[in-house]
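Working notes, structure below.
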Amino acid sequence: MLTLKYIQDNKDQVIERLKIKRFDAVQIVDEIINLDNQRKSTQVEVEALQAEMNSLSKEIGQLFKSGQMEEANKAKARTGELKEQIKELDTKLSETTTKLNEQLVQIPNVPNEIVPEGKGEEDNVEVKSGGEMPKLENAVPHWDLIKKYDIIDFELGTKITGAGFPIYKGKGARLQRALINFFLDEADKAGYGEVIPPLLVNEDSGFGTGQLPDKEGQMYHATADNLYLIPTAEVPVTNIFRDVILKASELPVKHCAYSACFRREAGSWGAHVRGLNRLHQFDKVEIVQVAHPSESYKILDQMVEHVQSLVEKLNLPWRLLRLCGGDISFTAALTYDFEVYSAAQERWLEVSSVSNFENYQANRLKLRFKEDGEKKAQLAHTLNGSALALPRIMAALLENNQCEEGIRIPEVLIPYTGFDIIK
RNA sequence: GGAGAGAUGGCAGAGUGGUCGAAUGCGGUGGUCUUGAAAACCAUUGUACCGCGAGGUACCGGGGGUUCGAAUCCCUCUCUCUCCGCCA
């Protein structure tokens, strides 16, 4: 969430910039400022009373000690009213604080200046692109290829779990594992320390990265234990740093993680979601960084370059989009999407989303750092990106590399798969 | 799953109703000494909010209660450890 101070100091700017995210902040910002003023004045009142109570209690203690019972009891009588008042104001204070936080959490992150205006996908701006478009005639879509070569079985997954939980088989499973290992190795080379995080997280973690309370319905919820299945490794990995104060010299912290990801995708089924295009469970390698605020945009570029190197090594035609205000997520300040071209579907598929959250997540996480010699901790910046999400990469690889003999495996993956063609 | 013990500052570990935001040790930081370092010695060392400041308030796992007053007593939740059971 945004910090109160930022909202107070930049009220007009916040309202103006959030228009790009198509969020009308006029009313809520006023309400927040009002609530905070109310909170402050109530707090001042309570604390004055508490101070009085504290000193009175000390007096009483002294009186008892020196045996002045009568005086002591007289003083005790005075505390009753104070107690009442404190209790009343205390309730008011916590109510105000709760309301304030409820409002604060509802304001999206302020987009960076370079976020383009726009309503949705169609207004995203292409920044750059690369790779060669495959020249194929009568390209077969991946959902037919996987049947032909028996490498992924959707029906079997449906039987065992439900739609959107495919079973990878034989060379399909092997290719999946090859991609995971390739992505992890590349991340390792780029200096990202690997972690294997839990796949279920508690409520605090869901809140820390912004999935809760906003996107509650998007996550699978294990209600018996009140745990959520992670929609992305971003959640557990970023939450490593919840309530942490780092040294400035430790920044940036770089992590990567492979995990299965679980998404309910409620209400989002329809056209364009055949085959591997949209799943309830999928694999992804995620990269996460905690950065110094002065460096976070430089680091965002580095992360984009890292992802670019991956799609290039896989020989996939790619393009990089800067998300417009209408398409960028609630918590991000700036997001780049990578898309790869899928030859048979003749469309671009999103395979990575790389974002700078500035201090929006850090403020929820209480993730701070201290400058050398400084006493005051300040909020760090968090960033993350997919590097990469597997299913659509798989889809594009299968479709783009199909030929008479079978499906050719990209050079870089052969050491991982142990075969160079699926036939 | 059953029984018991526990949760205190970066760490270890005192503190069982007031003088406790909290002893002591270690660690960290600054300094003295030294050619430099180590050792020793001295000082300093939690977070947040309010206030221009002096200062005030809150926090001893979370929440609630008793009391004029709670780290300390009571209830409850979570977590950790030990033993038993089950188990990859």
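Protein chains get the first letters and strands the later ones, always in sequence-line order, with residue 1 at the start of each. All figures in this text were calculated on a predicted structure; none of them were measured in a lab. All values below were derived from every heavy atom in this structure, side-chain atoms included, with hydrogens, water molecules and symmetry-related copies excluded.
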So [X], base contact, sugar-phosphate only, or nothing? Heavy-atom distance under 4.0 Å.
{"X": "Ile60(A)", "value": "base"}
{"X": "Asn54(A)", "value": "sugar-phosphate"}
{"X": "Ser57(A)", "value": "base"}
{"X": "Arg78(A)", "value": "nothing"}

If the [atom1] atom of [N] is compared with that of [M], how far apart are they to the nearest Å?
{"N": "rC81(B)", "M": "rU47(B)", "atom1": "P", "result": "29 Å"}
{"N": "rC87(B)", "M": "rA48(B)", "atom1": "P", "result": "50 Å"}
{"N": "rG15(B)", "M": "rG27(B)", "atom1": "P", "result": "24 Å"}
{"N": "rA71(B)", "M": "rU19(B)", "atom1": "C1'", "result": "16 Å"}
{"N": "rC73(B)", "M": "rU8(B)", "atom1": "P", "result": "15 Å"}
{"N": "rC20(B)", "M": "rU29(B)", "atom1": "C1'", "result": "26 Å"}
{"N": "rA12(B)", "M": "rG65(B)", "atom1": "C1'", "result": "33 Å"}
{"N": "rA54(B)", "M": "rU45(B)", "atom1": "P", "result": "15 Å"}

Inset, instruction - State which of rU47(B), rA58(B), rG56(B) makes the closest approach to the side chain of Gln50(A). - result: rA58(B)
Legend entry - Nearest to side-chain heavy atoms of Val44(A), which nucleotide of rC68(B), rC50(B), rA48(B): rC50(B)
Just the rounded figure in Å: distance from [atom2] of [N] to [atom1] of [X].
{"X": "Asp225(A)", "N": "rC79(B)", "atom1": "CG", "atom2": "C1'", "answer": "14 Å"}
{"X": "Glu250(A)", "N": "rG10(B)", "atom1": "CD", "atom2": "P", "answer": "14 Å"}
{"X": "Asn226(A)", "N": "rC77(B)", "atom1": "CG", "atom2": "P", "answer": "16 Å"}

Watson-Crick or G-U wobble partner for [N], using a 3.5 Å limit on both distances?
{"N": "rA88(B)", "value": "none"}
{"N": "rG27(B)", "value": "rU45(B)"}
{"N": "rC81(B)", "value": "rG4(B)"}
{"N": "rU32(B)", "value": "rA40(B)"}
{"N": "rA71(B)", "value": "none"}

Inset, instruction - Check whether any side-chain N or O of Lys376(A) sits under 4.0 Å from OP1 or OP2 of rC49(B), and answer yes or no. - result: yes
Legend entry - Side-chain N or O of Arg368(A) closer than 4.0 Å to phosphate OP1/OP2 of rA48(B): yes
Inset, instruction - Kindly say whether the aromatic ring centers of Tyr228(A) and His221(A) come within a distance under 6.0 Å. - result: yes
Legend entry - Close side-chain approach of Tyr297(A) to Asn112(A), heavy-atom, < 4.5 Å: yes
Inset, instruction - Please determine if Arg78(A) and Glu81(A) form a salt bridge, counting it only when a charged side-chain N lies under 4.0 Å from a carboxylate O. - result: no
Inset, instruction - Please determine if Asp185(A) and Lys189(A) form a salt bridge, counting it only when a charged side-chain N lies under 4.0 Å from a carboxylate O. - result: no
Legend entry - Residue whose closest nucleotide on RNA chain B lies nearer the 5' end, Ile245(A) versus Lys87(A): Ile245(A)
Legend entry - Along RNA chain B (nearest heavy atom to each residue), the more 5'-positioned of Lys370(A) and Lys58(A): Lys58(A)
Inset, instruction - Using the side-chain contact (heavy atoms from CB on, under 4.5 Å) rule, take Lys11(A) and Val14(A) through it: C-alpha gap first, then chi angles, then the decisive distance, then the call. - result: CA-CA 5 Å; Lys11(A) 186 182 155 184; Val14(A) 168; 6.0 Å; no
Inset, instruction - Establish, for the pair Lys171(A) and Phe419(A), whether the NZ or CZ atom is under 6.0 angstrom from the six-membered ring centre and no further than 45 degrees off its axis. - result: yes
